[in-house]
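I have placed the structure first, in the form of structure tokens, so that the comments after it can refer back to it.
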Amino acid sequence: MYNNDGFRELDRQKCLERLSSADLGRVVFTRDALPAVLPVNFWLDQDGAVLLRTSAASEMVRAVDGAVVAFEADQVDAATHAGWSVVVTGVASVTADTAERDRPTAIGPRSWVPWPDEVFVRIAPEIVIGRELLAGRTVYGVRLSS
């Protein structure tokens, strides 16, 4: 990520472990040639793909199908100055195909706002990067000021 910034880089496996413990993330995409960010609940598939469940009529679905997007999730403890952040970048694909939806429908994310015509957005994990800060200390052992 950023060399010598004091954060510890996470390998792909650690990134996926952190993501599997998160409840909420943000999908980053382009809307009308401008960056857009939406908070979403999600589910991490076995291969590390991020699955989102939303309305087939949503503006996000139209914007992301076939596009490169980013997905970010994090966990921060402000009191101890500890936390992590993981970003998955890849091509998003939308599926409304019933056969492809059976497994994620049974075990995947539940939409917080159910829609009659739902689809799944799958973000392929082409690039997975993450970093963490433990208890306010950099990788160099330097204590961060409050």
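Hydrogens, waters and symmetry mates play no part in the numbers below; they use all other heavy atoms, side chains included.
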> Does a salt bridge link E132 with R18, judged by any charged N lying under 4.0 Å from a carboxylate O?
Replying inline: yes

>> Are the side chains of V88 and L19 in contact, using a 4.5 Å heavy-atom criterion?
In response: yes

> To the nearest 0.5 Å, how far apart are CD1 in I123 and CG in D45?
Replying inline: 12.0 Å

> When rounded to the nearest 0.5 angstrom, what is the spacing between CZ in F120 and OG1 in T54?
Replying inline: 10.5 Å

> Are the side chains of V40 and F71 in touch, meaning some heavy atoms are under 4.5 Å apart?
Replying inline: yes

>> Does R31 have more than 12 heavy atoms from other residues, nucleotides or ligands lying within 6.0 Å of its CZ?
In response: no

> Counting only N and O atoms by type, is there a donor-acceptor contact under 3.5 Å from the side chain of T30 to the main-chain atoms of A33?
Replying inline: no

> Between SG of C15 and CH2 of W84, what distance do you get to the nearest 0.5 Å?
Replying inline: 9.0 Å

> Measuring from E59:CD to F29:CZ, what's the distance to the nearest 0.5 Å?
Replying inline: 6.5 Å

> Any side-chain donor paired with an acceptor under 3.5 Å for E72 and S85?
Replying inline: yes

> Is the closest side-chain heavy-atom distance between T95 and V119 below 4.5 Å?
Replying inline: no

> Do R26 and L38 have side-chain heavy atoms sitting under 4.5 Å apart?
Replying inline: no

>> For A63 versus A67, what's the shortest heavy-atom pair and its separation?
In response: O-CB, 3.9 Å

>> As a quick check of understanding, evaluate side-chain contact (heavy atoms from CB on, under 4.5 Å) for N41 and D23, giving each step before the final call.
In response: CA-CA 6 Å; N41 65 319; D23 296 321; over 6 Å; no

>> As an exercise, state the distance from CZ of F7 to CZ of R131, rounded to the nearest 0.5 Å.
In response: 4.5 Å

> Got V69 and T89 here, is their nearest side-chain heavy-atom distance under 4.5 Å?
Replying inline: no

> side-chain contact (heavy atoms from CB on, under 4.5 Å) between M60 and L52: does it pass, once the steps are laid out?
Replying inline: CA-CA 11 Å; M60 180 192 66; L52 315 175; 4.2 Å; yes

>> For E118, is there an ion pair with R53 - N to carboxylate O distance below 4.0 angstrom?
In response: yes

> For Q13, does its backbone N or O pair with a side-chain atom of D11 as donor and acceptor, under 3.5 Å?
Replying inline: yes

>> My understanding is that only residues two or more places apart in sequence, or in another chain, count here; which of them pass side-chain hydrogen bond (donor to acceptor under 3.5 Å, both in side chains) with D47?
In response: R122

> Hey, is the main chain of V94 close enough, under 3.5 Å, to the side chain of D65 for a donor-acceptor pair?
Replying inline: yes

>> side-chain contact (heavy atoms from CB on, under 4.5 Å) for V121 and V64? Distances and angles first, verdict last.
In response: CA-CA 8 Å; V121 175; V64 303; 4.0 Å; yes

> When rounded to the nearest 0.5 angstrom, what distance separates OG in S21 from CG in L16?
Replying inline: 11.0 Å

